[in-house]
Every structure is written in structure tokens, then in C-alpha cells.
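For reference, the structure discussed in these notes is given below.
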Amino acid sequence: MIVLGLETSCDETGLALYDSEVGLIGQVLYSQIKLHAEYGGVVPELASRDHVRKLIPLMNQLLEQSNIKKSQIDAIAYTRGPGLMGALMTGALFGRTLAFALNKPAIGVHHMEGHMLAPLLSATPPEFPFVALLVSGGHTQLMAAHGIGQYELLGESIDDAAGEAFDKVAKMMGLAYPGGPNISKLALQGSATAFDFPRPMLHQGLDFSFSGLKTAVSIQLKKVEGQNREADIAASFQEALVDTLVKKSIKALKQTGLKRLVIAGGVSANQRLRERLEAGLAKIQAQVYYAEPALCTDNGAMIAFAGYQRLKAGQHDGLSVTTTPRWPMTELTNPAQA
């Protein structure tokens, strides 16, 4: 089965072709970072319009470089949610319309399920069950994954997600959007122990809170204004956030008795986070798994693969187009039992 995956949940237009027999055939990705950088964050209306402009050219590019004809596509998977309503609607309408024209099935995919399953596309994929640390955009969650569609929420952020904290702190410091990569780059020049920033809710279950950490950085920036301490603040902030993610992840593994951790989403590309996770999990004889670098941020490959998992079980959507900007993963079903 060849599945075309469409990802348009936010500020990346991603398309990919996944073949159930040979794996990922090809993918293309267009990032809107330059478009939104001058505003310091994503402007939903601009994001939607740019998806409309890019979907057809990117699909043609993907088909040409993969040497695949539209008629060879067996099914289409698109991101149904969560995400920005307008952005989601562009991909959903495009995917559903193309599926109707080709007389092929289509299915709406959960964006975070796509991220969580992306590591299964790697050369050494994890086996179920595992704990998943999902750190993508506005989401920071710990899930126990027992199989496709068999997810248990262990903890989540009650305010700012990790990615949002990176972006907001970067904006405070005058760094360009997106904040994560720029904070990490600046942190290399600073000391992670220069400032003792808080680790909110570190000993309170498995939920996260990063708004207090963000506020502490804001206060410290005012105290050291004009002292050229930005690199130290970036390093200390990153260390506090990473420390929280690592310790909560280890706590989740101990609580569930599982020995595999999957980390997925844009923040999973953070090198300091990877270093700390590998060191921390080695101490408890646990293993950490990541998606390939190109599959950490939003992409069509993860949507095509996640869609295939449900399509092969006979799931597909009707002609009506539904998008779900807010969509808990715990509402997903096991496709084998649907």
C-alpha cells in the first residue's frame, strides 16, 4: 500500500509517500520560518494561505522525485488535529478532495500520534510497550504506549509547553524565531550553572509547568541588563528545562516498570536533552529512542506512516471533512478493535 501523507497543522507544509513494502519512498518539506520570523511567532492566517500556495507544487515535486504517478497512490492520510484550525483545514480539504478524485480512501491522523510513531521509521525502531515523551510545539506530555491506539496519559504541562517556553524566552532575549535552536546555540557559549533557575513541579507527580521558569528568566534578565550575561542565562534556562524533562521521564519509566523511552517532537532534536537522557537512562538500564533528524519536526512521513497503521486495519473517513484543533490522544482507538 502506498500512502500519501499531508502535514499542515502549523507552519510546515510536509508531504511524503510511504510504501508498506519498502518503507519511506520520499518526502518534501517547506518551512514557513522566514514568513513568521518578523512577528516572533506563527500568524495563523498567514500560515493557512502559505499552505494553500505550496501544497500542489510540493505534491508535484514529491511525485516527480519519487517516480510515482497519482494513480499509484492507494490512500491519503492528512493531519486532522490538533493544530491551527485554518492550517488543518487546508490539508484536510486538499487530501479529502484528492482522495475523492482518485477514488481512494482517506483518513485524518492525530498529529501527536504521528510524532510518537515517527521513531518506528528508523533503522532500529522501538517495540511496544514504551513511555513516550512528546515535546512538540504547544504539547509536552508523557504517555504510556501499549500499542497503536492504546495510550495512557501519565502527565502533561498545565501551562506553557517546553517548546513554548523556548520560544518565549528567546523572544525576551531578542533572539529570532523559532526559539529552541537559537537558545541552544547561544547556550554553548554560557555556563549551565551560572543561575539557579527553578524546576517547577519536579517532585509533584508527572505533570509539567514551565510558566514559572519563564518568569524567573524574565526577572533575571532585568537584574543583569547591560552585563552581557545572555549566554549564561540561555544555558541555565536550558539546563533547568532539560533537567525537568529528564527527571520526569525517568520517574515515568520507574512508575510504569517500562525500560524503553521514545522522545518525539521538535524539542527532541535538542542535543543537551539527548545527552542527559542517554546518561540518565543508562543508570537504570533503560533505552532511549529518537526519530531520524529529518523526522523530529513536523513532516509528512509521520502522517503517512501513522495513517497506514489505521488504513491497514480497515479504518478510513467518509466524505465529510472534519478537523479537530484540540484532540486528546486518549480519545484514539485501537484500529484492530475499531
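Residues take their numbers from the sequence shown, with the count starting at 1. A quick note: this is a predicted structure, and the numbers were derived from the prediction, not measured.
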Cation over ring face, R274 and Y290, 6.0 Å, 45°: yes
Test item: side-chain donor near acceptor, T324 and R80, under 3.5 Å: yes
Any donor-acceptor N/O pair, Y151 side chain to G149 backbone, under 3.5 Å: yes
H111 and E7: side chain donor to acceptor below 3.5 Å: yes
Atom of G212, atom of P198 and distance for their closest heavy-atom approach: O-CG, 4.3 Å
Worked check of side chain to side chain contact (heavy atoms under 4.5 Å, CB included) between I76 and I73: CA-CA 8 Å; I76 296 170; I73 296 173; 4.2 Å; yes
side-chain hydrogen bond (donor to acceptor under 3.5 Å, both in side chains) assessment of Q220 paired with S218: CA-CA 6 Å; Q220 194 63 55; S218 176; over 6 Å; no
Donor-acceptor pair, side chain of D207 and main chain of S157, under 3.5 angstrom: no
Within 6.0 angstrom of F128 CZ, more than 12 heavy atoms from elsewhere: yes
N299 (side chain) donor-acceptor with L295 (main chain) under 3.5 angstrom: yes
Same cluster (ILVMFWY, side-chain, under 4.5 Å), I107 and L93: no
T323 OG1 to Y78 OH distance, which is reported to the nearest 0.5 Å: 9.0 Å
V109 to A306 - nearest heavy-atom pair and separation: CG1-CB, 3.7 Å
Residues, nucleotides or ligands: over 12 heavy atoms within 6.0 Å of I56 CD1: no
Distance, nearest 0.5 Å, that separates NZ of K251 from CG of L154: 11.5 Å
Pair K247-D243, salt bridge (Lys or Arg N to Asp or Glu O under 4.0 Å): steps then yes or no: CA-CA 6 Å; K247 289 181 177 177; D243 194 37; 3.3 Å; yes
Check: S236 side chain, I233 main-chain N or O, donor-acceptor pair, under 3.5 Å: no
Atom CG of D196 with >12 non-hydrogen neighbours under 6.0 angstrom: no
side-chain hydrogen bond (donor to acceptor under 3.5 Å, both in side chains) between S184 and Q238, intermediate numbers included: CA-CA 7 Å; S184 297; Q238 178 178 254; 2.8 Å; yes
S136 versus H115, side-chain donor and acceptor atoms under 3.5 Å: yes
Approximate separation, where rounding is to 0.5 Å, of D19 CG and Q72 CD: 9.5 Å
Nearest-0.5 Å distance that lies between atom CG in L258 and atom CZ in F130: 10.0 Å
Non-hydrogen atoms of S9 and T79 that approach each other most closely: CB-CG2, 4.0 Å
ILVMFWY network linking V42 to M112, side-chain heavy atoms under 4.5 angstrom: no
Check: T13/H51 side-chain N/O donor and acceptor closer than 3.5 Å: yes
Cluster link L311 to L102, ILVMFWY, side chain under 4.5 Å: no
Parallel, tilted or perpendicular: ring planes of F305 versus Y18, cut at 30 and 60 degrees: perpendicular
Crowding at NZ, K259 (>12 non-hydrogen neighbours, <6.0 Å): yes
Validation row: L133, L245 side chains within 4.5 angstrom (heavy atoms): yes
Side chain to side chain, L15 and Y30, heavy atoms closer than 4.5 Å: no
Polar side chain donor-acceptor pair, E292 to S122, under 3.5 angstrom: no
Pairwise distance CE(M59) to CG(L62) - rounded to 0.5 angstrom: 9.0 Å
Trace of the side-chain hydrogen bond (donor to acceptor under 3.5 Å, both in side chains) decision for H139 with E156: CA-CA 8 Å; H139 300 85; E156 62 184 340; over 6 Å; no
Other residues, nucleotides, ligands: >12 heavy atoms within 6.0 Å of E225 CD: no
Close side-chain approach of L17 and V3, heavy atoms under 4.5 Å: no
Flag side-chain contact, heavy atom, 4.5 Å: E331 against H110: no
Sidechain-backbone polar pair: T333 side chain, P335 backbone, donor-acceptor under 3.5 Å: no
Side-chain H-bond candidate by donor/acceptor type, S209 with D159, under 3.5 Å: yes
Sub-4.5 Å side-chain heavy-atom contact between Q287 and L281: no
Identified side-chain contact (heavy atoms from CB on, under 4.5 Å) partner of E113 from the options Q309, M143, R310: R310
Sidechain-backbone polar pair: S268 side chain, G265 backbone, donor-acceptor under 3.5 Å: yes
Under 3.5 Å: donor-acceptor pair, side chain of H146, backbone of P129: no
Within 6.0 Å of CZ in R260, more than 12 heavy atoms from elsewhere: yes
Any donor-acceptor N/O pair, T8 side chain to A87 backbone, under 3.5 Å: yes
Cluster check V262, I284: I/L/V/M/F/W/Y, side chain < 4.5 angstrom: no
Test salt bridge (Lys or Arg N to Asp or Glu O under 4.0 Å) applied to K214 and E164, step by step: CA-CA 10 Å; K214 177 191 66 180; E164 290 175 319; over 6 Å; no
Residue pair K69, L63: steps toward the side chain to side chain contact (heavy atoms under 4.5 Å, CB included) verdict: CA-CA 6 Å; K69 297 178 181 178; L63 292 172; over 6 Å; no
Side chain to side chain, E12 and Q32, heavy atoms closer than 4.5 Å: no
Donor-acceptor under 3.5 Å (R199 side chain, F197 main chain): yes
Linked, directly or transitively: I250 and I263 (ILVMFWY side chains, under 4.5 Å): yes
Any P325 side-chain heavy atom under 4.5 Å of P82 side chain: no
Sub-4.5 Å side-chain heavy-atom contact between S249 and V131: no
Distance in Å, Q27 CD paired with L58 CG, rounded so as to fall on 0.5 Å steps: 11.5 Å
Nearest non-hydrogen partners of D298 and C10, listed with the distance: OD2-CB, 4.3 Å
Pair F237 + F195: ring centers closer than 6.0 Å: no
Minimum-distance pair of heavy atoms, taken over all atoms of A286 and L253: CB-CD1, 4.2 Å
Check: N182 side chain, P178 main-chain N or O, donor-acceptor pair, under 3.5 Å: yes
For the student: nearest non-hydrogen atoms of I33 and Y177, plus distance: CG2-O, 3.7 Å
